[in-house]
Amino acid sequence: MDLQNAFQFLIDLKFNNNRPWFNDNKERYLIAKNDFYLFVEELIVLLKNQDKSIDVNSAKECVFRIYRDARFSKNKEPYKTNFGAFISKGGKKSPYAGYYIHFEPDNSFMGGGIYQPTPILLKSIRTQIFENCNEYQEILDQKDFKKQFPVLHGDKLKMAPKGFPKDFEGIDLLKNKHFVVSQKIKNEIWFEGDPLKTILKSYKTQQKFNEFLNRAVNKEVS
């Protein structure tokens, strides 16, 4: 497993984010993409030993395209400057909570959860928290979890969500619109450390969080 070529390709892409350069360097891209695929497939095998709910077998089921949809964005650059993968039950398009890996020079991170759940799933997750608030709070307060993932990312409601009592003691836990955590990865870990070991350890800390969320998902998709 060698991600050096992929790392350097993404650095060069950041300063040459245009179609002519990308087309001229298409072979480099394909090599970089293949190297990242190999890394993700090795990660999948190891992660399945930790979390038995993971049912994917290939990187293709988990890795996102490098091509950006810039139609509705002020940023018109055609390509992402990272490789990313979401490993979960059902793969990258699944509604289930899972594990994300973001490979980008100076901006790598690992994490997961559920980003932008549908309104139905969001209500189900909030109900799950409402009915099991102490259990959820214990997961968030667990020492290793709190150290690695001190906050949940994303927008929050300013008021109590519709359908839940405003005086509920855990009302702030229901205001999240996304249920996502992340932890930064230093560049050196990819080349001087053991990235798979580091990532798997972080995912293990996150696992109970995902399992809690997926109980809510199961109620809607099973």
Side-chain angles (χ1 to χ4, degrees), residues 1-17 25 28-54 56-66 68 77 79-88 91-92 97-115 139-154 178-211 213:
M1 179 190 66
D2 184 359
L3 293 172
Q4 185 65 59
N5 287 331
F7 195 83
Q8 188 59 54
F9 172 79
L10 291 174
I11 292 174
D12 294 341
L13 176 60
K14 182 176 181 179
F15 294 100
N16 301 276
N17 201 329
N25 289 269
R28 287 185 63 197
Y29 161 66
L30 293 175
I31 293 172
K33 177 184 174 183
N34 184 65
D35 289 344
F36 186 71
Y37 266 49
L38 292 174
F39 174 81
V40 171
E41 291 187 345
E42 190 171 351
L43 179 59
I44 289 171
V45 171
L46 296 172
L47 181 57
K48 289 175 77 170
N49 290 329
Q50 284 188 182
D51 188 336
K52 302 302 182 182
S53 72
I54 303 299
V56 294
N57 296 300
S58 68
K60 185 177 181 180
E61 298 171 86
C62 305
V63 177
F64 294 101
R65 288 161 48 89
I66 199 169
R68 294 184 65 250
E77 291 181 340
Y79 308 104
K80 302 172 187 174
T81 55
N82 69 81
F83 289 119
F86 184 67
I87 306 171
S88 69
K92 60 190 174 185
Y99 307 90
Y100 181 69
I101 186 68
H102 186 97
F103 179 72
E104 181 177 10
D106 298 329
N107 193 35
S108 295
F109 61 89
M110 53 196 166
I114 298 180
Y115 175 74
I139 293 172
L140 300 183
D141 288 343
Q142 201 276 330
K143 184 178 178 181
D144 288 341
F145 187 94
K146 198 168 186 177
K147 181 179 179 180
Q148 294 181 43
F149 311 116
V151 298
L152 267 65
H153 298 288
H178 313 281
F179 296 85
V180 175
V181 295
S182 69
Q183 181 183 14
K184 291 185 177 181
I185 302 176
K186 295 180 180 179
N187 291 338
E188 307 86 74
I189 291 177
W190 296 113
F191 311 112
E192 299 174 8
D194 185 342
L196 285 170
K197 182 178 180 180
T198 300
I199 293 166
L200 286 167
K201 183 178 179 180
S202 178
Y203 286 172
K204 187 66 176 178
T205 302
Q206 185 193 326
Q207 187 169 335
K208 287 186 177 181
F209 176 72
N210 281 354
E211 289 172 348
L213 297 176

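When every heavy atom of A6 is checked against every heavy atom of A32, the shortest pair comes out as CA-CB, 3.6 Å. Of all non-hydrogen atoms in Q4 and D2, the two that sit nearest each other are N-OD1, 2.9 Å. Pairing each heavy atom of W190 with each of P195, the nearest pair is CE3-CB, 3.8 Å. Between A97 and S88, the shortest heavy-atom contact is O-CB, 3.8 Å. Minimum heavy-atom separation, C62 to I44: SG-CD1, 3.9 Å. The shortest non-hydrogen separation linking S182 to H153 is OG-NE2, 2.9 Å.
Applying the ring-ring contact (aromatic ring centres under 6.0 Å, His included) test to F86 and every residue at least two apart in sequence or in another chain returns nothing. Every residue two or more places apart in sequence or in another chain that forms a ring-ring contact (aromatic ring centres under 6.0 Å, His included) with F209 is listed here: F145. With sequence neighbours left out, Y203 forms a ring-ring contact (aromatic ring centres under 6.0 Å, His included) with Y99. A search for side chain to side chain contact (heavy atoms under 4.5 Å, CB included) contacts involving S53 returns D51, not counting sequence neighbours. In this structure Y115 satisfies the ring-ring contact (aromatic ring centres under 6.0 Å, His included) test together with H178, sequence neighbours excluded.
The line from CG of L196 to CD1 of I101 is 9.0 Å long, rounded to the nearest 0.5 Å. Taking CD1 of I185 as the reference point, atom CZ of F103 lies at 9.5 Å (rounded to 0.5 Å). Atom CD1 of residue I199 and atom CD of residue Q183 lie 10.5 Å apart, to the nearest 0.5 angstrom. Atom NZ of K80 is separated from atom CD1 of I66 by 8.5 Å, given to the nearest 0.5 angstrom. Note: N16 CG to T81 OG1 = 12.0 Å, rounded to the nearest 0.5 Å. To the nearest 0.5 Å, the span separating NZ on K186 from CG on D106 amounts to 13.0 Å.
The backbone N or O of V63 lies less than 3.5 Å from a partner atom in the side chain of K92, making a donor-acceptor pair. A donor-acceptor contact shorter than 3.5 Å links the side chain of Q206 to the backbone of G98. No donor-acceptor distance shorter than 3.5 angstrom exists from the side chain of D35 to the backbone of L3, with no hydrogens or angles considered.
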**Item:** Stepwise side chain to side chain contact (heavy atoms under 4.5 Å, CB included) check, K48 with N57
**Value:** CA-CA 9 Å; K48 289 175 77 170; N57 296 300; 2.6 Å; yes
**Full working for side chain to side chain contact (heavy atoms under 4.5 Å, CB included) between S202 and F149** = CA-CA 9 Å; S202 178; F149 311 116; 3.4 Å; yes
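Donor-acceptor pairing under 3.5 Å is lacking for the side chains of Q148 and D144.
Between L200 and L43, the closest side-chain pair of non-hydrogen atoms falls below 4.5 Å. At least one side-chain heavy atom of L152 sits under 4.5 Å from a side-chain heavy atom of V181. Here the side chains of N107 and N82 are not in contact, with every heavy-atom distance at 4.5 Å or above.
Two rings, from F191 and F7, have their centers less than 6.0 Å apart.
Sparse packing is recorded around NZ of K201, with 12 or fewer heavy atoms of other residues, nucleotides or ligands lying under 6.0 Å away. The neighbour count for K208 NZ, taken as heavy atoms of other residues, nucleotides or ligands under 6.0 Å away, does not exceed 12.
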Using atom types as modelled, flag every donor-acceptor pair under 3.5 Å from a side chain in residues 8-15 to any protein atom, sequence neighbours excluded.
| from | atom 1 | to | atom 2 | distance (Å) |
| --- | --- | --- | --- | --- |
| Q8 | NE2 | D12 | OD1 | 3.1 |
| D12 | OD2 | R28 | NH1 | 3.1 |
| D12 | OD2 | R28 | NH2 | 2.9 |

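Ring planes of Y100 and F109: tilted class, angle from 30 to 60°.
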